[in-house]
Amino acid sequence: MGPRRIVCLTEEPTETLYALGEQDRIVGISGFTVRPPQARRDKPKVSAFTSAKVGEILKLKPDLAIGFSDIQADIAAELIRHGVEVWIANHRSVAGILDYIRRLGGLVGVAERASAYADELQRGLDAIAAQAALLPQRPRVYVEEWDEPIITGIQWGAELVEIAGGIDVFPELSCEPLAKARILANGGPVIARNPDIIIGSWCGKKFRPERVAVRPGWEAINAVRDGELHEIKSPLILQPGPAALTDGVQAIAAIIQAWSRKQRSYADLPGTTPV
C-alpha cells in the first residue's frame, strides 16, 4: 500500500506521482510546481525550495514528505523532529533520475508501473541520441543556471546536452553536485571555451540574453556573435524529474538541430564554410 498522504517539497515527485497515476496520495506540493498544471490548481502549496510552512504541512498529517538535495536539509530536520517520515533524494544524473522514478514507484507500491515508465523515458532519450548521431557537426554548448554570480550547468543538464548532440563546455564542473562549486569568478572561462550555443535557465527568473551579450569580452564568443542565446525555462531542465527527460531534452535538441541547419545553410553559400 505504501504512504497515503505525501507532501512533495519539490516538483519532481509531484510530476512523477501524477505520471504514475498516484496523484491522490499527494496532499501538499511546492509553490514552484508547474507540472502538471492540475497539480498547481488542485493541491495546497506548502513549501518553497529553501523554506516550508511546517505548521501547514503538519496540519495535512502526512505520512511521508519527499524533497531533494542538501539544500532542504533544514526543512527535513524540522519535519523529522515533528515525527514526519522524510525522504530526501540526491540524484544528479540522467541515470539517477531514472532510478529515482523506479524507487519512488516502489515506495508507493507501483514498482512495475514505474519501471515501465522509466523504460519509456529511456527510449525517448535513445531516439533523441540517434537523431543527434546524424549531425554533421556537434556544437559547443554552455548552460548557465544563474547570472550573478555566474553558475554553470549541473550534471544532468550537461548529459542532456550530450544526448541532444552538443558538447558541454564545462564537463569538469558539471559533475560538481553543489552549485557553489560551479560558480565562475568571472566570464573569462566562458570566453576561452567559446561556445557555439548559450542556453540560459536561470532558476526562478527570466533569462536576459541582452544582458549576457554585453558582458565584457563576450562579443568574441561564437554564440553571441551569431545570436545563439536561448532560454529554456527552469522547470524543464533544472528539476531532476520527468520534465528534464522529456520537454527539457527536446528543447535542447531543437536548439541544436536548428543550429545545425543554419550551419548547413552557410556551407551552401558560395565562398563560405561553416564556422
Q. Hey, is R35 close enough to D247 for a salt bridge, meaning N to O under 4.0 Å?
A. yes
Could you list the donor-acceptor pairs under 3.5 angstrom formed by side chains in residues 52-59, with sequence neighbours left out?
from : atom 1 : to  : atom 2 : distance (Å)
E56  : OE2    : K59 : NZ     : 3.3

Q. In this structure, which one of K205, R211, R208 forms a salt bridge (charged side-chain N to carboxylate O under 4.0 Å, His left out) with D147?
A. K205
Q: Quick one: sort the H91 and Y100 rings into parallel, tilted or perpendicular, breaks at 30° and 60°.
A: parallel
Q. Taking atom CG of L245 and atom CD1 of I128, what is their separation to the nearest 0.5 Å?
A. 9.5 Å
Q. Measuring from S234:OG to F32:CZ, what's the distance to the nearest 0.5 Å?
A. 8.5 Å
(Q) Once ring-ring contact (aromatic ring centres under 6.0 Å, His included) is applied, do any residues pair with Y18, and if so which ones, sequence neighbours excluded? (A) none
Q) Salt bridge or not for D119 and R123, using N-O below 4.0 Å? A) no
Q: Taking the six-membered ring for Trp and the single ring otherwise, decide whether the centroids of W87 and F68 are under 6.0 Å apart.
A: no
Q. Which distance, rounded to the nearest 0.5 Å, do you find between the CD1 of I75 and the CD1 of I88?
A. 7.5 Å
Q | Nearest-0.5 Å distance, CZ of residue R40 to OG of residue S30 | A | 8.5 Å
Q. Of the non-hydrogen atoms in A220 and N194, which two are nearest, and what is the gap between them?
A. O-OD1, 3.8 Å
Q) How far does CG of L125 sit from CD of Q250, to the nearest 0.5 angstrom? A) 9.5 Å
Q: Answer with yes or no whether the side chains of W202 and E145 bring together a donor and an acceptor at under 3.5 Å.
A: no
Q. Got a salt bridge between D70 and R92, using NZ or NE/NH1/NH2 to carboxylate O under 4.0 Å?
A. yes
Q.
Could you check whether R215 pairs with E210 (Lys NZ or Arg NE/NH1/NH2 to Asp/Glu carboxylate O, under 4.0 Å)?
A. no
Q.
So, taking the atom named CZ in R261 and the one named CG in L135, what distance separates them when rounded to the nearest 0.5 Å?
A. 10.0 Å
(Q) Using a strict threshold of under 4.0 Å (side-chain N to carboxylate O), is an ion pair present between R193 and E172? (A) yes
Q) Is it true that E219 and R225 make a salt bridge, defined as a side-chain N closer than 4.0 Å to a carboxylate O? A) no
Q | Over all atoms of both residues, closest heavy-atom pair of P3 and L107 | A | CD-O, 3.3 Å
Q) Should the pair R5-D63 be classified as a salt bridge under the 4.0 Å nitrogen-to-oxygen rule? A) no
(Q) Does atom CD (Q122) have a neighbourhood of more than 12 heavy atoms from anything else shown, all under 6.0 Å? (A) yes
Q) Taking atom types as modelled, is there a side-chain donor on E15 or Q239 under 3.5 Å from an acceptor on the other? A) yes
